[in-house]
Chemist: 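Could you have a look at this structure, given as structure tokens, before my questions?
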Amino acid sequence: MAGNNPSPTEYIQHHLQNLTFGYHPENGWSMAHSALEAREMGFWALHLDTMGWSIAMGALFIWLFRKAGRMATTGVPSGLQNAVEMVVEFIENLVRSAFHGRNPVIAPLALTLFVWILLMNTLKIIPVDYFPELFIRLGVDYMKIVPTTDPNATLGMALGVFCLIIYYSIKVKGAGGFAKELSLTPFNHWALIPFNLVLEVIGLLVKPLGLGLRLFGNMFAGEVIFILIALLPFWAIWLLDVPWAIFHILVVTLQAFIFTVLSIVYLSAAHEHH
Amino acid sequence: MNINMTLIGQTIAFAIFVWFCTKYVWPPISNALHERQKRIADGLDAASRATRDLELAQERANETLRESKEQASQILEQANKRSSQMIEEAREQARNEGERIVASARAEIDQEVQRAKEELRAQVSHLAVSGAERVLEASVDEKAHRKLLDKLAAEL
């Protein structure tokens with residue numbers, strides 16, 4: 001445990017605090033030394049741990065798959081290539097069944113989302129004390145290693161998907177077509193345009209919000225349970241930790257899969273004319 | 001748990017990773033996969049074609065075998081017929097030849113007998129004359145007794 005025998009509340013709060021760098025009203029650009037300082041920084045702050053670990057996982061994904069792609073032969077595949085091809089084929093089938101349009105970007109996008117989120121979620125299986133403790137020894141106050149337990153990360157990816165939804169909606173249907181879709185569905189009557197608009201815009205905005213919050217909620221809740229379990233006496237931890245970790249293998253994969261499938265479905269809807 | 005610039009940073013990271021994946025990661029793997037699929041499909045096609053060819057070839061071989069067997073039996077039959085015919089002909093010829101030889105031998109014998117008879121007849125007449133001469137001890141006028149002698153000779 002961190003610090004000098006902190007209370008359970010302090011321990012949990014410490015584990016849920018990101019390593020933050022930002023503009024503090026009094027200290028200027030600096031590292032936040034407490035949760036309060038981090039909150040005072042407001043929007044102009046960056047979670048270094050979230051960014052670092054997510055980019056590391058993204059880079060790991062790119063490196064692994066690029067390596068497999070370089071080695072890719074049309075002959076008998078082996079080892080890494082087998083695993084990578086399995087994932088690629090899985091994503092390809094997923095896109096083929098859920099996406100009803102022609103767009104060469106969708107499949108690589110889905111692959112990136114799936115593997116990246118999977119890798120980031122998997123960081124959760126690492127015992128909760130390892131990295132915070134290690135970084136405290138190195139003089140770093142906070143270290144929350146699972147990026148998907150940070151709403152910034154999940155909403156950030158959802159925002160990326162949202163931008164693509166808007167982009168393809170306008171590209172496929174034209175700005176007028178998109179506006180018409182927002183204002184004249186579900187009720188095709190001029191008097192109901194405001195009502196339609198409210199309905200459709202909320203529907204549109206809920207898509208990325210739901211996408212990001214679902215992943216965040218699942219991962220965050222699981223993380224809190226892990227931290228609570230870590231508060232038990234050391235000889236009792238494994239009793240609850242092991243079943244929870246095994247259960248989380250399912251959650252980790254399932255959430256990555258759900259995020260990917262919903263992104264494909266939303267983008268597919270963006271390509272369809274009404 | 002504050003919403004801050006990390007949101008934007010994550011979106012940028014997302015965009016970069018997706019772009020990189022689309023450009024450099026997806027195409028080689030996907031291409032290799034599809035190419036292999038095509039090759040396997042081609043291989044299976046070729047295998048089934050080869051099996052069909054083999055079946056066809058076997059059928060043709062069987063056909064040829066049956067035909068040649070038929071031909072062989074036909075040839076054998078013909079040869080048998082021909083050989084019995086030849087034996088028959090040879091037998092016929094041999095019989096004819098034998099008959100001919102027998103006939104000519106018989107004719108020769110007849111001739112020989114005739115000649116011997118002629119000779120004998122001439123000698124008998126002569127012998128009879130000389131015997132009569134000796135018996136009569138007298139000179140018999142051959143001309144006078146011609147008639148008698150001829151009669152004698154004819155009786156032999």
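Here is how names work: the chains are called A, B, and so on, in the same order as the sequence lines, proteins then strands, and each is numbered from 1.
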Chemist: Roughly how far apart are Glu40(A) CD and Ser34(A) OG, rounded to 0.5 Å?
Modeler: 7.0 Å
Chemist: Select one option (side chain, backbone, both, neither) describing which atoms of Leu109(A) are under 4.5 Å from chain B's heavy atoms.
Modeler: both
Chemist: Would Trp44(A) and Phe21(A) count as a close aromatic pair, with their ring centres under 6.0 Å?
Modeler: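 No: the rings miss the under 6.0 Å criterion.
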Chemist: Between atom CD1 of Ile145(A) and atom NZ of Lys124(A), what is the distance when rounded to the nearest 0.5 Å?
Modeler: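 Output value for this atom pair is 11.0 Å.
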Chemist: Check each atom of Ile12(B) against the heavy atoms of chain A and say whether the ones under 4.5 Å are side chain, backbone, both or neither.
Modeler: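 Contact with chain A: none, neither part.
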Chemist: What part of Leu113(A) lies closer than 4.5 angstrom to a heavy atom of chain B: side chain, backbone, both or neither?
Modeler: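 Just the side chain, heavy atoms under 4.5 Å.
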Chemist: For the backbone of Val252(A) and the side chain of Asn121(A), can you confirm whether one donor and one acceptor N or O come within less than 3.5 Å of each other?
Modeler: yes
Chemist: Taking all non-hydrogen atoms of both residues into account, name the closest pair between Gln37(B) and Glu89(A) and its distance.
Modeler: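 Nearest pair, atom of Gln37(B) first, then Glu89(A): NE2-OE2, 3.8 Å.
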Chemist: Determine the option with the most heavy-atom pairs under 4.5 angstrom with chain A, choosing from Ser30(B), Ala15(B), Ala32(B).
Modeler: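 Heavy-atom pair counts peak at Ala32(B).
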Chemist: Using non-hydrogen atoms only, which part of Ala107(A) is less than 4.5 Å away from chain B: side chain, backbone, both, or neither?
Modeler: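 For Ala107(A), backbone and side chain are both near chain B.
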Chemist: Looking at Thr148(A) and Met219(A), would you say the former's side chain and the latter's main chain have a donor-acceptor pair under 3.5 Å?
Modeler: no
Chemist: What is the distance from atom CZ of Phe61(A) to atom CG of Leu119(A), rounded to the nearest 0.5 Å?
Modeler: 8.5 Å
Chemist: Tabulate, in ascending numerical order, the residues of residues 207-215 of chain A having at least one heavy atom closer than 4.5 Å to a heavy atom of chain B, or enter 'none'.
Modeler: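 The stretch does not come within 4.5 Å of chain B.
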Chemist: Side chain, backbone, both or neither: which part of Ala13(B) has a non-hydrogen atom closer than 4.5 Å to chain A?
Modeler: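 It is both, since atoms from each part get that close.
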Chemist: Does the gap between the ring centers of Phe259(A) and Phe114(A) come in under 6.0 Å?
Modeler: no
Chemist: Check whether Ala35(A) gets within reach of chain B through its side chain, its backbone, both or neither, counting any heavy atom under 4.5 Å.
Modeler: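 Neither part, no heavy atoms under 4.5 Å.
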Chemist: Report yes if the side chains of Trp26(B) and Thr22(B) come closer than 4.5 Å at any heavy-atom pair, otherwise no.
Modeler: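 The answer is no; the side chains never approach within 4.5 Å.
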Chemist: With chain B, which of Leu46(A), Leu155(A), Ile62(A) has the greatest number of heavy-atom pairs at distances under 4.5 Å?
Modeler: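 Option with the top pair count is Ile62(A).
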Chemist: Would you say that Ile117(A) contacts Gln255(A) through its side chain, given a criterion of any heavy-atom pair below 4.5 Å between the two side chains?
Modeler: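 Side-chain contact under 4.5 Å: no.
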